[in-house]
Asker: 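Sharing a structure below in structure tokens format, with a few things to ask.
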Amino acid sequence: MDMVCPLCNGIKEEIEECSYCGGKMVDEGAIVNYLDDYSPYLSNDITQKVDGAPYDKCVHLFKCEKCGKDRRVEVQRVNI
Ligand SMILES: [Zn+2]
Ligand SMILES: [Zn+2]
């Protein structure tokens, strides 16, 4: 069995509410994709430690469509 992030794999779509303006926050992708720019030689496992998230969580960046604020959201990985 594999633990995968439902958002990265398109199983689920998640919308968050902006705590500043109440607008709609959309998924900008996993944080690890951004960290890769700075740590191209790290394996995926090490990167997960670097971003401070537990192994069963995938941290995504959500951005508000209205005011542009962004927020990190921990997404629970699921078994497939
Ligand atoms: Zn993810
Ligand atoms: Zn907002």
Side-chain angles (χ1 to χ4, degrees):
M1 224 165 10
D2 243 354
M3 294 286 278
V4 300
C5 169
L7 298 193
C8 287
N9 290 273
I11 300 169
K12 198 176 106 181
E13 219 178 297
E14 192 151 309
I15 305 286
E16 293 283 318
E17 187 179 296
C18 177
S19 51
Y20 296 95
C21 73
K24 195 170 78 169
M25 301 189 88
V26 292
D27 183 16
E28 292 274 294
I31 292 276
V32 285
N33 295 337
Y34 296 94
L35 291 177
D36 278 349
D37 292 344
Y38 304 100
S39 52
Y41 304 111
L42 294 179
S43 79
N44 205 33
D45 281 352
I46 294 170
T47 307
Q48 283 181 10
K49 278 183 186 164
V50 169
D51 74 12
Y55 280 109
D56 63 342
K57 298 269 170 62
C58 180
V59 183
H60 278 244
L61 194 69
F62 278 75
K63 194 169 182 188
C64 177
E65 286 183 331
K66 243 171 146 179
C67 72
K69 289 262 198 290
D70 53 33
R71 180 151 64 101
R72 289 177 177 207
V73 176
E74 286 187 357
V75 181
Q76 180 73 48
R77 292 181 199 270
V78 294
N79 287 318
I80 53 163

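Nothing here was measured: the structure is a model prediction, and the numbers come from that model. Just so you know, ligand 1 is whichever comes first in the structure, and atom 1 is the first atom listed for that ligand. Sequence positions, counted from 1, serve as the residue numbers for this chain.
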Asker: Enter the distance from S19:OG to R71:CZ here, rounded to the nearest 0.5 Å.
Answerer: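 Output value for this atom pair is 5.0 Å.
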Asker: Can you tell me how far the CD atom of Q76 sits from the SG atom of C58, to the nearest 0.5 Å?
Answerer: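 If we round to the nearest 0.5 Å, Q76:CD and C58:SG are 11.0 Å apart.
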Asker: Same hydrophobic cluster for V78 and L7, using side-chain heavy-atom links shorter than 4.5 Å among ILVMFWY?
Answerer: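 The answer is no; the residues belong to distinct hydrophobic clusters.
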Asker: H60 and C8: which non-hydrogen atoms are nearest, and at how many Å?
Answerer: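 Where H60 meets C8 most closely, the heavy atoms are NE2-SG, 3.4 Å.
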Asker: Measure the spacing between CE of M25 and CG of D70 and express it to the nearest 0.5 Å.
Answerer: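 M25 atom CE to D70 atom CG measures 6.5 Å (nearest 0.5 Å).
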Asker: Show every side chain to side chain donor-acceptor pair (under 3.5 Å) that has at least one partner inside residues 2-13, sequence neighbours left out.
Answerer: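 The answer is K12-E14.
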Asker: Testing V59, D56, I31 one by one against E74 for a side-chain contact (heavy atoms from CB on, under 4.5 Å), which residue passes?
Answerer: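 So the option named by the test is V59.
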Asker: At a cut-off of 2.8 Å, what protein N/O/S atoms sit near the Zn ion (ligand 2)?
Answerer: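 Result, waters dropped: C18 SG, C21 SG, C64 SG, C67 SG.
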Asker: Which pair of non-hydrogen atoms, one from F62 and one from V73, has the smallest distance, and what is that distance?
Answerer: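 Heavy atoms of F62 and V73 come nearest at CD1-CG2, 3.5 Å.
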Asker: For V26, which residues count as a side chain to side chain contact (heavy atoms under 4.5 Å, CB included) partner, sequence neighbours excluded?
Answerer: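 Expected list: I15, K24, E28, E65.
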Asker: Which residues and atoms, protein N, O or S only, are under 2.8 Å from the Zn ion (ligand 1)?
Answerer: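 Listed by chain and number, the atoms are C5 SG, C8 SG, C58 SG, H60 NE2.
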